[in-house]
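Notes follow once the structure below has been shown.
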Amino acid sequence: MPDPAVPPTPPVPLAALLAREDLGLRQIAGPADPSAVVHWAHTSEMADPYPYLLGGELLLTAGVHIPEAAGSGTYFDDYVSRIVAAGGAALGFGVAPVHDTVPRALVAACDSYELPLIEVPPRTTFSAVARAVWQLMAQARLAELRRVTEAQQSLAAAASRPDPVPSVLRQLARRVGGWAVLYGPDGAEVAVAGRGAERARAAGGPEARDVREALEGLARIVRPTATIPPAGSAPTGPVTSADGTSAGPAASAGPGSSPAAGRHAPSGGRTTPATAPASPTSATDTVADVHLAAYSLGAGHGFVLGLAAPQRDPGDHTIASVAAVLLSLLTGEHQSGSGAARSSALVRLLLGAPAEDVAPLLGGERWVVVHARPDTLAAPDPVAASALGAALGSPLVDVAREVVRVLLPAGPEPAPQPGWTLGVSAVAGPREWAAADVQAGRALARARATRAGLVRYGARPALADLVPETDAEAHARALLARFDATPALTETLRTWLSLHGSWDRTAVALDVHRNTVRQRIAKCGALLELDLDDPDVRMELWFALRRP
């Protein structure tokens with residue numbers, strides 16, 4: 001599938017090629033269709049060019065292949081019919097040096113099969129014709145790129161307006177010369193724009209009704225909730241992108257769907273596995289000479305962009321894809337309500353509101369903190385961090401050096417994620433967020449040291465709970481007071497004890513050399529004037545180190 005950011009090369013109008021005075025081309029047979037186009041020029045002297053044509057060519061020949069008795073048989077009928085069957089757009093016949101004039105039987109055959117026949121004068125070489133085709137294609141491509149670029153800029157500007165969704169729809173409708181509609185998850189029209197939109201909605205004729213029903217049918221097909229069928233079920237029809245290539249999975253519109261959805265179902269594409277699309281899934285159709293397209297807006301939200309226009313230019317799919325991406329972002333925030341809530345929570349925190357007052361805006365009263373590191377050596381990037389947050393079910397993501405931190409409303413236990421090592425805190429209220437952050441960091445260190453995919457902080461009742469909290473804290477402060485100026489020693493000792501005195505695992509957990517661990521532990525023993533190999537000493541130190 002072509003990159004949707006770059007429109008395909010537009011074909012060349014045959015009329016534009018005939019208008020080139022330097023070539024002197026003249027159409028002598030076939031329909032004079034102003035909409036006729038050629039995609040490239042190809043020269044062949046084969047009696048049957050069918051195997052060598054892809055479709056859309058201006059086939060150039062000097063008639064070398066024509067036998068002397070061709071005019072009295074079916075040679076020209078067979079020859080022209082094969083060109084038409086292969087999808088040839090036009091036939092160019094070079095006059096001289098083989099033939100002084102274009103054979104009359106060839107003219108008659110082209111008229112019969114409605115294939116445009118172009119006379120190429122002796123002074124014009126086939127190379128000149130091919131070069132002219134490429135020049136016209138380059139000019140058309142440049143113009144189309146300029147049009148697409150201007151459309152992208154206008155769509156981006158519309159998305160920043162106070163009414164972004166209607167503004168984007170209005171710009172899209174204007175750029176494609178048609179009308180655009182946004183369907184909600186329930187299939188109802190959320191917004192519509194374009195000069196022909198109201199007329200199309202109000203029209204009661206069968207053609208207008210067919211157009212509306214067909215567009216609604218396309219929307220049902222590409223809507224994310226109906227796009228991915230249950231495991232083991234087969235898609236009932238292909239879904240193709242607006243440029244005619246496969247763009248995603250297909251599915252039945254389901255019970256109660258409009259007959260138009262089946263009557264005008266898109267065809268000609270290859271089905272692909274039902275997976276979440278990297279770009280908006282789309283489908284196209286043509287009903288009553290109106291070109292229709294539908295784009296799903298992200299996986300899971302259920303919004304669909306519908307588009308109807310009297311013509312479809314090569315860059316229209318690119319323009320519509322840009323609009324679909326912008327609308328995906330806008331409707332995603334609208335659907336979840338999380339964007340405004342997060343913004344409000346941030347403002348309130350910055351203005352001094354306590355965390356427990358802000359937490360309900362973010363989605364819950366009880367929370368867990370997750371620390372994550374990628375299994376690769378590379379530092380996490382914002383895109384990977386956002387994807388991790390989405391997999392865990394929270395948009396509250398922070399990338400801090402080599403660690404990604406995610407704040408999750410308490411609920412289903414976080415699951416291991418492929419390619420990541422996770423540490424999960426105990427459930428905490430907003431006032432304990434800072435403590436939960438420390439717990440998640442310690443759990444991550446243990447997970448990395450033990451090569452586990454996920455470790456949960458082990459807060460559970462123990463013998464230490466039999467000692468009054470104030471007495472336990474006083475004892476811990478007195479025992480560890482000599483470490484106050486060197487917090488690295490405290491953390492090293494805590495990690496070393498949690499990993500049963502393993503030098504290598506402690507080094508991995510702290511990202512330091514094993515000799516550094518040895519030096520720090522030796523210094524701890526010297527400052528405490530205790531034997532760290534004594535299990536009673538280790539138990540007492542662990543009791544103290546577990547205090548906040």
Tell me if a side-chain donor or acceptor on [X] pairs with a main-chain N or O of [Y] at a distance below 3.5 Å.
X	Y	value
T124	V120	no
Q27	A29	yes
D111	G30	yes
R312	L292	yes

Do E144 and R147 sit within salt-bridge range, that is, some charged N less than 4.0 Å from a carboxylate O?
yes
Distance-only donor-acceptor check, side chains [X] and [Y], under 3.5 Å:
X	Y	value
T149	R146	no
D77	S112	no
S296	R223	no

Side chain to side chain contact (heavy atoms under 4.5 Å, CB included) between L327 and F303, intermediate numbers included
CA-CA 9 Å; L327 290 170; F303 287 88; over 6 Å; no
A quick test of your reading: do over 12 heavy atoms of other residues, nucleotides or ligands sit less than 6.0 Å from CZ of R123?
yes
Would you find more than 12 non-hydrogen atoms of other residues, nucleotides or ligands less than 6.0 Å from Y50 atom OH?
no
Got a sec, which pairs hit side chain to side chain donor-acceptor pair (under 3.5 Å) with one end in residues 33-47, sequence neighbours left out?
D33-S35, W40-E57, E45-T61
As a quick check of understanding, evaluate side chain to side chain contact (heavy atoms under 4.5 Å, CB included) for L215 and Y183, giving each step before the final call.
CA-CA 10 Å; L215 190 56; Y183 296 104; 3.6 Å; yes
Nearest atoms (heavy-atom pairs only) where A214 meets D285
CB-OD2, 4.3 Å
Tell me, with the steps shown, if H317 and Y295 meet side chain to side chain contact (heavy atoms under 4.5 Å, CB included).
CA-CA 10 Å; H317 174 59; Y295 298 80; 3.0 Å; yes
Any residue meeting side-chain hydrogen bond (donor to acceptor under 3.5 Å, both in side chains) with Q139, in chain and number order, not counting sequence neighbours
none
Selection residues 9-27 - residue pairs positive for salt bridge (charged side-chain N to carboxylate O under 4.0 Å, His left out), sequence neighbours left out
R20-D22, R26-E119
